[in-house]
Amino acid sequence: DDASHDYACGVPAASFDQTTGEALFQHVCQGCHMSDAQGSHGAGAYPALASNAKLGAKIYPIYMVTSGQGGMPGFKKYMSDQQIAMVVDYVRAHFGNHYSDTVTVEDVRTVSRR
């Protein structure tokens with residue numbers, strides 16, 4: 001099965017079965033963006049998600065998670081639209097971010113169709 005050999009950020013895609021935004025962040029995102037979402041610099045540059053004004057317009061983080069950019073892979077083929085909505089909502093409401101407009105599955109579908 002090709003899916004068992006498909007990886008994103010070193011994690012087998014088949015393991016993206018988390019059901020909360022927090023669990024998805026911990027399992028998928030914090031490996032690069034760190035557990036406190038402060039990002040890191042070293043072998044690569046991983047931007048801070050904490051107190052990040054770019055997350056204010058929910059389209060931006062949805063696009064980044066679905067499509068990726070630079071060294072970040074797109075996760076559209078690894079996560080469901082619901083999972084993407086949950087993890088984006090989680091990051092936008094934690095780590096010093098206080099964006100309260102909820103990301104919906106329809107928002108994810110709209111952005112990923114562009």
Distance-only check: which donor-acceptor pairs under 3.5 Å involve side-chain atoms of residues 63-74, not counting sequence neighbours?
| from | atom 1 | to | atom 2 | distance (Å) |
| --- | --- | --- | --- | --- |
| Thr66 | OG1 | Ile62 | O | 3.0 |
| Thr66 | OG1 | Tyr63 | O | 3.2 |

Quiz prompt | Spacing of Gln30 atom CD and Gln38 atom CD [to the nearest 0.5 Å] | solution = 13.0 Å

Quiz item: Any idea which heavy atoms bring Cys32 and Ser40 closest together, and the distance?
Solution: O-OG, 3.8 Å

Quiz item: When the ring planes of Tyr90 and Phe25 are compared, do they come out parallel, tilted or perpendicular, using 30° and 60° as the limits?
Solution: tilted

Quiz item: Is the backbone N or O of Val103 less than 3.5 Å from a side-chain atom of Asp89, with the two atoms forming a donor-acceptor pair by type?
Solution: yes

Self-check item: Verdict with supporting geometry, Cys29 and Val87, side chain to side chain contact (heavy atoms under 4.5 Å, CB included)
Solution: CA-CA 9 Å; Cys29 309; Val87 75; 3.9 Å; yes

Enumerate, atom names and distances included, each donor-acceptor pair closer than 3.5 Å involving a side-chain atom of residues 48-60, sequence neighbours excluded.
| from | atom 1 | to | atom 2 | distance (Å) |
| --- | --- | --- | --- | --- |
| Asn52 | OD1 | Lys54 | N | 2.8 |
| Asn52 | ND2 | Ala48 | O | 2.9 |
| Lys58 | NZ | Thr102 | O | 3.0 |
| Lys58 | NZ | Asp107 | OD2 | 2.9 |

Exercise. Would you confirm whether His33, through its side chain, and Pro47, through its main-chain N or O, come within 3.5 Å as a donor-acceptor pair?
Key: yes

Self-check item: Met86-Phe95 co-clustered via ILVMFWY side chain contacts under 4.5 Å
Solution: yes

Exercise. Indicate the atoms forming the closest heavy-atom contact of Arg109 with Ser112, along with that distance.
Key: O-OG, 3.3 Å

Self-check item: Those residues that, when tested against Ala23, pass side-chain contact (heavy atoms from CB on, under 4.5 Å) (two or more places apart)
Solution: Gln18, Thr20

Quiz prompt | Heavy-atom pair with the smallest gap, counting every atom of Met79 and Val28 | solution = CE-CG1, 3.9 Å

